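Model, not experiment: these values are computed from the prediction. Residues take their numbers from the sequence shown, with the count starting at 1.
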Amino acid sequence: MYLGANLRIGLIEEFAKILGVLVIARHMRHDSEMDGLILGAASGMGFAALESNGYAFTAFLASNGSVSATVAVTLLRGLLSPLGHGTWTAILASVLFRESRNCCFRINLQVIGAYILVSILHAMWNGLPLVISSVLNPVLAVFITDGVIGIVGLVILWLRWREAVRLQTVLPPETESI
């Protein structure tokens, strides 16, 4: 049950973030993997900032107005967020942009696979700390699990970036009709 709830959260949040990318880029040329990578990272980090505000506010209320608790939550999320939302949305958006043709977004097996991959990473990010905290200190469990999942995401992102750079240097630039 808990695993299913985390997977649903991952699927919903990753869909919401890529939907934001689609809305922003709907009138732009979107066939460069690098453009998707950059726009996805920006969109994901914006989402992370909004979500972190919610967590900070919840910590403020739960601690009866403790600014220290709010700062601690904000600091923790600020340190870990680049390993999560920004990375995952950059991965998905880079694949989406790479697979686009004739300035139209295409949803194919590669895009669906990337969506499932980042949703699973998201679900593991949310769920594994609780599982590991039964053995380790909860704060340590968060740093270890989110660190490992973050490194996996960064490796995948680095591979996407390398491919985007390769495609930019191999393919001739397209000329737009006037």
Side-chain angles (χ1 to χ4, degrees), residues 1-52 54-55 77 80-132 142 145-174 176:
M1 176 78 174
Y2 186 73
L3 178 64
N6 281 316
L7 185 55
R8 280 191 301 275
I9 290 167
L11 290 167
I12 291 166
E13 288 189 11
E14 296 310 316
F15 181 77
K17 291 185 296 181
I18 201 64
L19 190 60
V21 170
L22 289 169
V23 168
I24 291 168
R26 70 184 180 280
H27 297 301
M28 298 167 42
R29 189 176 127 228
H30 40 71
D31 56 0
S32 165
E33 186 169 1
M34 187 64 78
D35 292 343
L37 197 142
I38 293 167
L39 184 58
S43 175
M45 290 308 294
F47 183 92
L50 287 173
E51 187 178 66
S52 292
Y55 278 100
R77 291 198 50 91
L80 294 176
S81 286
L83 302 175
H85 289 297
T87 299
W88 304 327
T89 312
I91 291 167
L92 180 52
S94 70
V95 173
L96 176 66
F97 276 48
R98 184 193 68 211
E99 296 300 315
S100 296
R101 299 288 184 269
N102 300 325
C103 294
C104 295
F105 287 116
R106 287 182 24 183
I107 308 299
N108 59 18
L109 289 177
Q110 286 79 16
V111 175
I112 293 169
Y115 171 67
I116 291 169
L117 171 68
V118 298
S119 296
I120 289 171
L121 288 172
H122 193 144
M124 290 178 10
W125 178 277
N126 288 345
L128 277 181
L130 186 60
V131 172
I132 302 298
V142 167
T145 58
D146 290 357
V148 169
I149 294 164
I151 289 169
V152 169
L154 288 176
V155 167
I156 295 167
L157 180 62
W158 178 71
L159 293 171
R160 298 266 40 93
W161 176 79
R162 281 187 49 199
E163 180 180 327
V165 168
R166 183 186 61 79
L167 288 174
Q168 281 186 326
T169 58
V170 171
L171 297 175
E174 292 185 28
E176 295 184 32

Rounded to the nearest 0.5 Å, what separates atom CZ in Phe97 from atom CG in Leu92? 10.5 Å
Enumerate the salt bridge (Lys or Arg N to Asp or Glu O under 4.0 Å) contacts for residues 109-131, please, sequence neighbours excluded, ordered by first and then second residue. none
State the CD1-CG distance between Ile151 and Asp146, to the nearest 0.5 angstrom. 11.0 Å
For Tyr115, the ring-ring contact (aromatic ring centres under 6.0 Å, His included) test, sequence neighbours excluded, returns none
Leu154 vs Leu83, side chain to side chain contact (heavy atoms under 4.5 Å, CB included): CA-CA, chis, key distance, verdict: CA-CA 7 Å; Leu154 288 176; Leu83 302 175; 3.4 Å; yes
To the nearest 0.5 Å, tell me how far Leu39 CG sits from Thr89 OG1. 10.0 Å
Nearest heavy atoms of Gly84 and Trp125, plus distance in Å: N-CH2, 4.2 Å
Which heavy atom in Thr87 sits nearest to a heavy atom in Pro82, and how many Å separate them? OG1-O, 2.7 Å
Tell me the closest heavy-atom pair linking Ser119 and Leu7, and the distance in Å. O-CD1, 4.2 Å
Taking side-chain hydrogen bond (donor to acceptor under 3.5 Å, both in side chains) as the test, write out the residues that go with Ser52, two or more places apart. Arg77
When you compare the side chain of Leu22 with that of Leu96, does any pair of heavy atoms fall below 4.5 Å? yes
For the residue pair Thr145 and Pro129, what are the closest heavy atoms and their distance? OG1-CG, 3.1 Å
Inter-residue atom distance Arg98.CZ - Met34.CE, 0.5 Å rounding: 13.0 Å
I'd like to check Ile132 versus Val142 (side-chain heavy atoms, cut-off strictly below 4.5 Å). Are they in contact? no
Can you see which heavy atom on Ile149 is nearest to which on Leu121, and at what distance? CG2-O, 3.8 Å
d(Trp88 CH2, Lys17 NZ) to nearest 0.5 Å is 6.0 Å
Interatomic distance, His122 atom NE2 to Glu14 atom CD [nearest 0.5 angstrom]: 6.0 Å
Looking at every non-hydrogen atom in both residues, tell me the closest pair between Ala90 and Leu157 and how far apart they are. CB-CD1, 3.6 Å
Val111 backbone acceptor or donor facing Asn108 side chain under 3.5 Å: yes
Any side-chain hydrogen bond (donor to acceptor under 3.5 Å, both in side chains) pairs touching residues 32-49, not counting sequence neighbours? Glu33-Arg160
Please name all residues satisfying side chain to side chain contact (heavy atoms under 4.5 Å, CB included) with Ala42, sequence neighbours left out, ordered by chain then number. none
Can you pull the salt bridge (Lys or Arg N to Asp or Glu O under 4.0 Å) pairs that have at least one residue in residues 106-131, sequence neighbours excluded? none
